[in-house]
Asks: 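A single structure is presented below for examination.
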Number of protein chains: 2
Amino acid sequence: MLLKGAKLKISEIPEPTIMRLTVYARCLTDLVKQNVQVVSSEKLANEAGVNAAQVRKDLSYLGSFGRRGVGYETNHLLNKISICLGLTKERSIVIVGVGKLGSALLGYQGFLEKGFKMVAAFDTDKRRIGSSIGGIEVIDLERVDEIIKKKNVEIGIIAVPAEAAQKVADRLVVAGIKSILNFAPVVIKVPESILLRRVDLSSELEILSHYLNSSHKE
Amino acid sequence: MLLKGAKLKISEIPEPTIMRLTVYARCLTDLVKQNVQVVSSEKLANEAGVNAAQVRKDLSYLGSFGRRGVGYETNHLLNKISICLGLTKERSIVIVGVGKLGSALLGYQGFLEKGFKMVAAFDTDKRRIGSSIGGIEVIDLERVDEIIKKKNVEIGIIAVPAEAAQKVADRLVVAGIKSILNFAPVVIKVPESILLRRVDLSSELEILSHYLNSSHKE
DNA sequence: ACTTGTGAAGATGTTCACAGCA
DNA sequence: TGCTGTGAACATCTTCACAAGT
């Protein structure tokens, strides 16, 4: 779990709420595009696939700026959420491992749209080093320290095979990375001061598989 | 959240536990490979990055077959977890959308290793249809019904742009899919009888971004 | 002596229900 | 009247602490 072991509260806002805020942000972006000025908790809940009380409780962590009897001003709300998620600041990210998955992530449009800037890609495979993927040159992993420091990179994405993941994580930590998003199917260990999240593609299928098994639905 | 709204309990086992079981399974696979015969909750907890009481509680949902004073037999435990996760049965999956991300998922080794069989890939782009990616031919989405029924496909992966995701989901549902793993950055709606999970790549970065902002750690 | 299995306590998250305000 | 904001009730999940088994 993220932040386990931290003694002081990192944030007043529960992690499930943070997760849902990212969803609300997406819904609000759509609404703003459609020129919708105001949205009720009911409507937003419906868009986001949660219940209305949940939306109100979640938003209450950001302050109270809905108007009773009316709803929330879409633009303003989106702005508040963006600030909370730190999306008003451009953040530099690097990716380590440019196999199929890494390459796909490297070119993922969604990151760019949210203000994440892919500044470099690393690999150890000599055949990949020097090539260019989506306009970003693949650099020897040996140079990761230099570039993380020079470009003030805050987030590192690990997309290497499981066996290599821990070593890559260690290098990123030494280089001064602040947070890691790990796609390798293995549990990696980092100091408590480093933020770590894991995206496990197989696990997701396995979870579906479990529920497929035990499907005695109404 | 998965399964919201189901009146009967789908499974006695809490979802967070299911998630961790996938991790334990991976750790156990490693241990078995290393010829480790027995593992304590302490050791497994350490490998999985959780605490020992949690491991014991999680495993207790599967029955009690640890040996007090000794630990758990790795092979046996792995077997029990595999059964619980439904991994003893081969499951067919299809993917819709073979852009960068879709193509990467199509060739993802991890799925194969866990007994998931990629039986087809679909797209609507004429330029992609007929090509072959990782040995799997890309088929016109029009034929999705036919193939899902013929090959008894249980899981559909959506890797299309956000705008197209809901329509693709609707098609999959009509075709008789039982569960969907959605990679499109949008909330899609499906009938309650369909299992749905979402993997949101941007959200993961946004969550890190939030905590990077509010880092007033000890 | 060592480690599991599990009630009970504690912590966290969700939903309800309604007061409060436009 | 309509919708927000929120304390309180409820539900769920995690951790503790120790009895019980080998």
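Heavy atoms only: backbone and side chains are in, while hydrogens, waters and symmetry mates are out. Chain letters run A, B, ... following the sequence lines, proteins first and then strands; every chain starts at 1. Given the structure is predicted, the values throughout are model-derived calculations rather than measurements.
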Asks: Measure CD1/Ile18(B) against P/dT14(D) and give the value in whole Å, please.
Replies: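 For the pair Ile18(B) CD1 and dT14(D) P, the rounded distance is 12 Å.
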Asks: Base contacts versus sugar-phosphate-only contacts with protein, heavy atoms under 4.0 Å: please encode nucleotides 6-11 of chain D as B, S and - from 5' to 3'.
Replies: BBB---
Asks: Closest-nucleotide mapping onto DNA chain D: is Arg20(B) or Ser41(A) further toward the 5' terminus? I mean the 5' end.
Replies: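 Looking at the nearest nucleotide for each, Ser41(A) comes out on the 5' side.
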Asks: Answer yes or no: is there a side-chain heavy-atom contact under 4.5 Å between Phe116(A) and Ser202(B)?
Replies: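 Heavy-atom side-chain distance check fails, nothing below 4.5 Å.
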Asks: Using whole Å, what does the distance between atom P of nucleotide dT4(C) and atom CD of Glu42(B) come to?
Replies: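 Rounded to whole Å, this separation is 9 Å.
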Asks: Check side-chain contact (heavy atoms from CB on, under 4.5 Å) between Ala164(A) and all other residues, then give those that pass, not counting sequence neighbours.
Replies: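 Partners of Ala164(A) by the side-chain contact (heavy atoms from CB on, under 4.5 Å) criterion, ordered by chain and then number, come out as Val160(A).
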Asks: To the nearest Å, give me how far apart OH (Tyr72(B)) and C1' (dC2(C)) are.
Replies: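 In whole Å, dC2(C) C1' lies 13 Å from Tyr72(B) OH.
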Asks: Pick the closest DNA chain D nucleotide for Gly71(A) and for Gln54(B) by heavy atoms, then say which residue is nearer the 5' end.
Replies: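 Closer to the 5' end of DNA chain D: Gly71(A).
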Asks: If you measure from the Lys or Arg side-chain nitrogens to the Asp or Glu carboxylate oxygens, is any gap between Asp170(A) and Lys189(A) under 4.0 Å?
Replies: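 Judged by the 4.0 Å cut-off on N to carboxylate O distance, Asp170(A) and Lys189(A) do not form a salt bridge.
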Asks: In whole Å, what is the span from the CE atom of Met19(B) to the C1' atom of dC13(D)?
Replies: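 Atom CE in Met19(B) sits about 16 Å away from atom C1' in dC13(D).
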Asks: Check nucleotides 9-11 of chain C against the protein and report each pair of N or O atoms closer than 3.5 Å, with its distance, or say if there are none.
Replies:
none

Asks: Quick check for you: among dT4(D), dT14(D), dT15(C), whose closest atom lies nearest to any side-chain atom of Asn51(A)?
Replies: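 The answer is dT15(C), which lies nearest to the side chain.
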Asks: Holding to ring-ring contact (aromatic ring centres under 6.0 Å, His included), I want the full list of residues that pass it with Tyr61(A), two or more places apart in sequence or in another chain.
Replies: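 Tyr61(A) satisfies ring-ring contact (aromatic ring centres under 6.0 Å, His included) with no residue once adjacent residues are dropped.
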Asks: In plain terms, say whether Arg197(A) and Glu15(A) are close enough for a salt bridge, that is, a side-chain N and a carboxylate O under 4.0 Å apart.
Replies: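 The answer is yes: the pair qualifies as a salt bridge.
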Asks: Taking atom types as modelled and ignoring hydrogens, do the side chains of Arg91(B) and Asn213(A) form a donor-acceptor contact shorter than 3.5 angstrom?
Replies: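 Indeed, the side chains of Arg91(B) and Asn213(A) share at least one donor-acceptor pair under 3.5 Å.
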Asks: So among Lys80(B), Arg56(B), Gln37(B), which one has a side-chain contact (heavy atoms from CB on, under 4.5 Å) with Tyr72(B)?
Replies: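 Between Tyr72(B) and the candidates, side-chain contact (heavy atoms from CB on, under 4.5 Å) is satisfied uniquely by Arg56(B).
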Asks: Less than 4.5 Å apart, any side-chain heavy atom of Ile157(A) and any of Val96(A)?
Replies: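 Of all side-chain heavy-atom pairs linking Val96(A) with Ile157(A), none is under 4.5 Å.
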Asks: Quick one: do Lys117(B) and Glu154(B) make a salt bridge, cutoff under 4.0 Å?
Replies: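 Looking at Lys117(B) and Glu154(B), the cut-off is not met.
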Asks: What's the angle between the local helix axes at either end of the helix from dA1(C)-dT22(D) to dA22(C)-dT1(D), using five pairs per end and rounding to 10 degrees?
Replies: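 Here the helix ends are tilted 0° relative to one another.
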Asks: Starting at atom CD1 of Ile13(B), determine the distance to atom P of dC13(D), rounded to an integer number of angstrom.
Replies: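 Rounded to whole Å, this separation is 12 Å.
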Asks: Contact class for Tyr61(A) vs. all strands (heavy atom < 4.0 Å): base, sugar-phosphate, or nothing?
Replies: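 It contacts nothing in the nucleic acid.
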Asks: Test of understanding: with side-chain contact (heavy atoms from CB on, under 4.5 Å), list the residues that count as partners of Ile188(B), not counting sequence neighbours.
Replies: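 By the side-chain contact (heavy atoms from CB on, under 4.5 Å) rule, Ile188(B) matches Ile158(B), Ala165(B), Gln166(B), Ala169(B), Ile180(B), Asn182(B), Val186(B), Leu196(B).
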